[in-house]
2 protein chains.
Amino acid sequence: MEGRVGSQDGQIASPRRAPSQQRSRERVERMLAAASALIAEQGSDAMRMGEVAERAGVSIGSLYQFFPDKRAIVWALAERYTAESQACISAALADVSDAEGLGQAFSELVDIYYRLFLAEPVMRDIWSGTQADKALRELELADSRANAEFLTAVLKRLRPAADPAALETTAFLVWQMGEAAMRLAISVGREEGDRLVAAYKRMALRELLDQ
Amino acid sequence: MEGRVGSQDGQIASPRRAPSQQRSRERVERMLAAASALIAEQGSDAMRMGEVAERAGVSIGSLYQFFPDKRAIVWALAERYTAESQACISAALADVSDAEGLGQAFSELVDIYYRLFLAEPVMRDIWSGTQADKALRELELADSRANAEFLTAVLKRLRPAADPAALETTAFLVWQMGEAAMRLAISVGREEGDRLVAAYKRMALRELLDQ
DNA sequence: TGCAAATGTGAGGATTATTCATATTTTGAA
DNA sequence: TTCAAAATATGAATAATCCTCACATTTGCA
């Protein structure tokens with residue numbers, strides 16, 4: 001009843017061949033767009049390579065010309081999301097210089113993420129499946145570390161006397177807790193989700209500001 | 001290259017037929033034991049139904065006599081773990097009556113869980129894949145709620161003046177954060193993992209005791 | 001004993017992911 | 001412009017896997 005999704009080795013799935021011509025670059029975009037639409041409709045697990053090819057208007061062989069396997073497509077989409085959000089997060093935290101500013105920026109960041117998770121089925125699907133796929137897990141971990149570093153930088157400015165290593169651990173943990181809180185929040189009802197996100201915010205800020 | 005793992009509907013995978021004879025009960029045990037061993041060796045994703053049957057010394061058809069599909073086997077193992085751990089957690093929190101006691105019990109509980117995650121590849125694998133499988137996700141959520149309730153009961157005793165709804169939210173969130181922290185801790189190096197777990201403990205207790 | 005229910009079996013059906021031999025298009029140097 | 005090499009396109013065929021089902025065997029029990 002099935003196809004399987006490759007062996008369990010978590011190789012970073014890089015394009016089998018980078019599209020060098022204008023034509024192929026456009027086709028790869030179409031493939032990713034098709035995959036994105038299908039994931040939004042049915043989830044990445046139910047996404048079929050044949051459907052992706054058909055919807056992108058390319059042959060199945062062309063798909064495999066640029067993506068070594070199914071997971072690579074999901075990975076490529078995930079990478080785009082992380083790149084975008086990192087830029088956003090970096091900007092939001094760049095010029096925070098006092099506790100109040102951190103509270104403000106962090107709170108907004110959480111809201112943005114929460115809304116994004118609620119509104120973006122693709123993102124939701126991809127980050128949900130994160131744990132099952134080694135390459136995705138590593139991407140998310142790297143992303144999380146990068147984001148935590150932005151937060152660490154702020155903390156070091158706000159609390160110069162504190163142990164830097166401890167600040168790093170705190171920032172990383174708080175950030176990961178945030179991602180977990182989001183996943184939890186979207187998997188329960190909206191009201192409870194809102195409450196949980198609010199509770200997370202309080203908890204995180206208390207920890208970050210060491211109050 | 002593959003088989004697929006069932007449609008994405010998250011039906012609770014209950015035995016197709018409960019084994020009623022001694023013989024079949026023993027065989028089902030062998031099936032679960034075989035599955036457990038294979039998951040420990042290669043992960044549940046790489047576990048093949050044919051291998052499970054072979055190692056259990058039964059035919060593939062017998063497997064499907066008692067388990068409607070592959071996920072049902074994983075689910076059955078997961079259910080056992082949750083039943084066991086709930087009993088353990090309930091016992092640990094049952095007679096907590098002051099802040100110090102909570103600190104003690106909670107800290108021990110976290111340690112036990114952490115060690116369990118580190119030592120039990122099966123448990124680790126199952127809870128990692130949790131997000132990808134609807135039935136597993138629901139099982140984990142229900143388990144988490146049940147455990148959070150034990151914690152809530154303690155909090156209500158310790159802080160009778162507090163808003164009960166807020167305590168429930170706090171307990172649930174803290175518990176889920178704990179599971180996330182565990183997953184994170186075992187996916188990074190041992191040293192960093194230890195630091196993260198310690199940091200989580202501090203954060204959680206601060207929140208639980210509202211200090 | 002004998003019959004119905006429970007259980008056991010494994011070859012084959014059904015899906016999918018992925019490959020590969022071959023055809024077509026583009027590029028860039030002569 | 002010409003043309004060979006590189007890049008790209010194609011989809012039928014392959015391979016791997018889950019799961020079904022028609023039929024065989026065993027067990028419980030009146």
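Looking at residues two or more places apart in sequence or on another chain, you find no salt bridge (charged side-chain N to carboxylate O under 4.0 Å, His left out) involving Arg23(B). Listed by chain and number, the residues in a side chain to side chain donor-acceptor pair (under 3.5 Å) with Ser85(A) amount to none (sequence neighbours excluded). In this view, Arg30(B) satisfies the side chain to side chain donor-acceptor pair (under 3.5 Å) rule with no residue, not counting sequence neighbours. Remark: Arg115(A) engages no residue in a side chain to side chain donor-acceptor pair (under 3.5 Å) (not counting sequence neighbours).
The residue among Met47(A) and Ser59(B) whose nearest nucleotide of DNA chain C lies closer to the 5′ end is Ser59(B). Where Gly50(B) and Gly61(B) each meet DNA chain D at their nearest nucleotide, the meeting point lying more 5' is that of Gly50(B).
Between dA16(D) and Arg48(B), no contact under 4.0 Å exists linking OP1 or OP2 to a side-chain N or O.
Straight-line distance from the CD atom of Gln65(A) to the P atom of dT18(C): 15 Å, rounded to whole Å. One can place CE of Met49(A) at 10 Å from C1' of dT16(C), the figure rounded to the nearest angstrom. Note: CD1 (Ile73(B)) to C1' (dC18(D)) measures 11 Å, nearest angstrom. Atoms NZ (Lys70(A)) and C1' (dA16(D)) sit 15 Å apart, rounded to a whole Å. What separates CD1 of Ile60(A) from P of dT15(C) is a distance of 16 Å, to the nearest Å. Following rounding to the nearest Å, Gln21(B) (CD) and dT25(D) (P) show an atom-to-atom distance of 17 Å. Atom CG in Leu63(B) sits roughly 12 Å away from atom P in dT20(D) (whole-Å rounding).
Using a 4.0 Å cut-off on heavy atoms, the residues of residues 22-32 of chain A that approach DNA chain D are Arg23(A), Ser24(A), Arg27(A), listed by number.
The aromatic rings of Tyr113(B) and Trp175(B) lie perpendicular to each other, with more than 60° between the two planes, well past the 30° mark.
Heavy atoms of Ser62(B) sit under 4.0 angstrom from at least one base atom.
Residue pairs meeting the salt bridge (Lys or Arg N to Asp or Glu O under 4.0 Å) criterion with at least one member in residues 170-192 of chain B, sequence neighbours excluded: Arg145(A)-Glu192(B), Glu140(B)-Arg183(B), Arg190(B)-Asp194(B).
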